[in-house]
2 protein chains.
Amino acid sequence: MKKEAQGKRVAVDRAILELEQFLPYRLSVLSNTASRAIADLYERRYGLSIAEWRTMAVLGSYDGIAAREVAERTAMDKVAVSRALARLIADGRVRRRTAEHDKRQSVLGLTAKGWKVYAEVAPLALEHEKRLLAHLTVEERRWLAHILDRLWQAELEEIAR
Amino acid sequence: MKKEAQGKRVAVDRAILELEQFLPYRLSVLSNTASRAIADLYERRYGLSIAEWRTMAVLGSYDGIAAREVAERTAMDKVAVSRALARLIADGRVRRRTAEHDKRQSVLGLTAKGWKVYAEVAPLALEHEKRLLAHLTVEERRWLAHILDRLWQAELEEIAR
DNA sequence: TTAATCTAGTTTCAATTGAAACTAATTGCA
DNA sequence: TGCAATTAGTTTCAATTGAAACTAGATTAA
C-alpha cells in the first residue's frame with residue numbers, strides 16, 4: 001500500500017481488509033440495490049412492503065399453507081409473517097381460515113382481490129429481474145445461478161449442523 | 001403445475017413467479033446469512049454493529065476522510081454514518097477533528113484503541129469470508145468475483161443515468 | 001459585498017423491527 | 001389419562017431506522 005498524490009486518502013499500512021472487496025459487504029450492497037428499485041415500485045403503486053409481497057408470492061404458489069410455512073418459504077421470522085398477514089388480511093388481499101385438524105394453525109390463501117394484485121406485481125417483478133440479468137452474458141447467468149445454488153446448499157448444511 | 005399427493009401444498013395454476021428462484025430474493029437471503037453469522041460475532045465480542053464495523057473498516061483503509069466519504073465508501077446514508085460515528089467516538093475507537101479548510105467537515109481516523117479492535121476484527125471477518133468461499137471451487141470463485149464486478153458496474157451506470 | 005443556494009453533518013419524531021413474553025392448542029410420555 | 005413440554009401465532013415494549021427539518025459553514029453570482 002502506498003500514498004496517493006497529495007498525501008491524502010492514504011491507504012494505510014496496517015490495513016488488511018478492503019471493504020469494497022469483502023464478500024458479505026458486496027452481497028449486501030448488491031442485494032439492496034437489486035431489491036430497492038422494485039420494492040419502491042410496488043410500495044408506491046400497491047402499498048406493499050417486501051414482507052407483504054413475499055407473503056403474497058408464496059401464497060400464489062402454495063395455496064392453503066399455514067403461517068409457519070410462509071415463514072419457511074420466505075426466510076422471514078414468524079413475527080414478520082404475522083404482521084405482514086395482518087395487513088394483507090386487513091386489506092382484503094389474503095383470507096385466513098382455521099385448520100380443522102389443528103386449531104392453532106391457519107389456512108391461508110389469496111382472495112380474488114389478492115390474485116388481481118399478484119397478477120400485476122409478479123410480471124413487474126419478473127421484468128425487473130430480467131433487466132438485472134440483462135447485464136450478464138448467458139454464460140455468466142448460468143454460472144450465477146449455479147453458484148447461488150451451491151452457496152444456498154452450503155447454507156442449508158451449515159444450518160443443519 | 002399439478003397437484004401433489006394429498007391435495008395439499010398445491011402449486012397453483014395462476015402462479016407466475018417462484019420466490020425461491022427470484023434473483024432479488026435469493027440475493028437477499030444469501031446476503032443476510034453471509035452477514036448475520038459474522039455480525040453476531042463482533043456484536044457479541046466487541047459491541048460493534050454492522051454500520052460501526054463498516055465505518056471502522058473504511059477508516060482502516062482511508063485515514064483522515066470526512067463522514068461524507070465514509071458514507072460513500074460504506075454505501076450507507078449520512079444519518080447512519082453520523083450515528084455510527086457518534087458511538088465509535090463515545091467508545092474512544094474513532095477520533096474526530098474539524099477540517100481546517102472547511103469547518104463543516106470532519107477529519108476522521110481510528111484511535112490506538114480503534115486500531116486494536118480493528119486488528120482483531122479484520123482477521124475474523126476475513127476468516128469468515130474464507131469459510132464462505134470454501135464451499136466453491138476455484139473456478140466458481142473466479143466467476144463469482146467476475147459476476148459481482150459486472151453487476152456492480154451495471155449498478156453504477158444505472159445510478160449515473 | 002451580500003443574499004440565495006448548496007453542502008456537511010446532526011437532531012427529531014414517527015414508523016419499523018427484534019426479542020421476549022404470552023395465549024391457545026397439540027403432542028409426548030409417565 | 002393427565003401433566004410437562006412443544007408448537008402456532010400474537011402482543012408488547014424497547015431499540016433501530018428513515019425521512020424531514022434543522023444548524024452551521026461554504027460557495028455562487030449579481
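- When the P atom of D/dG25 is taken as reference, atom CD of B/E100 falls 16 Å away, rounded to whole Å.
- Between B/R150 and A/E140 a salt bridge is recorded (basic side-chain N to carboxylate O distance below 4.0 Å).
- For B/R131 and B/E127, the salt-bridge test passes: some basic side-chain N is under 4.0 Å from an acidic carboxylate O.
- Nucleic acid contact for B/A66: sugar-phosphate only, since backbone atoms but no base atoms lie under 4.0 Å from a heavy atom of the residue.
- Between A/E43 atom CD and C/dA15 atom P there is a gap of 13 Å when expressed in whole angstrom units.
- Ring orientation note: the planes of A/W143 and B/W143 are close to parallel, at an angle under 30° on the 30°/60° scale.
- Between A/R68 atom CZ and D/dT10 atom C1' there is a gap of 17 Å when expressed in whole angstrom units.
- Side-chain atoms of A/R95 and A/S106 include no donor-acceptor pair closer than 3.5 Å.
- B/R96 has its CZ atom 11 Å from the C1' atom of C/dA8, to the nearest Å.
- Considering CG of A/D149 and CH2 of A/W152, their distance stands at 9.0 Å, rounded to 0.5 Å.
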Considering only nitrogen or oxygen atoms on both sides, find all protein atoms under 3.5 Å from nucleotides 23-25 of chain C and state each distance.
{"residue": "C/dA25", "atom": "N3", "partner": "A/R104", "partner atom": "NH1", "Å": "3.4"}

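- B/H101 has its NE2 atom 15 Å from the P atom of C/dT7, to the nearest Å.
- Residue contacts shown for A/S106 are limited to sugar-phosphate atoms, with no base heavy atom under 4.0 Å away.
- Taking NE2 of A/H128 as the start and OH of A/Y42 as the end, the distance is 8.0 Å to the nearest 0.5 Å.
- Rounded to whole angstrom, the span from the NZ atom of B/K78 across to the C1' atom of D/dA19 amounts to 11 Å.
- Side-chain contact annotation: B/T98 with B/Q105, donor-acceptor N/O pair under 3.5 Å absent.
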Give each protein N/O atom lying under 3.5 Å from an N/O atom of nucleotides 16-18 of chain C, with the pair distance.
{"residue": "C/dG18", "atom": "N7", "partner": "A/R83", "partner atom": "NH2", "Å": "2.6"}
{"residue": "C/dG18", "atom": "O6", "partner": "A/R83", "partner atom": "NH1", "Å": "3.2"}
{"residue": "C/dG18", "atom": "O6", "partner": "A/R83", "partner atom": "NH2", "Å": "3.4"}

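- Figure legend: B/R73 and B/Y62 shown as a cation-pi pair, the cationic atom lying under 6.0 angstrom from the six-membered ring centre and within 45 degrees of its axis.
- Atom-to-atom, CD of B/Q105 to C1' of C/dG9 comes out at 10 Å; the value is rounded to the nearest Å.
- Residue pairs satisfying the side chain to side chain donor-acceptor pair (under 3.5 Å) criterion with at least one member in residues 75-93 of chain B, sequence neighbours excluded, are listed as follows: B/E52-B/R87.
- Between B/L88 atom CG and C/dG9 atom C1' there is a gap of 16 Å when expressed in whole angstrom units.
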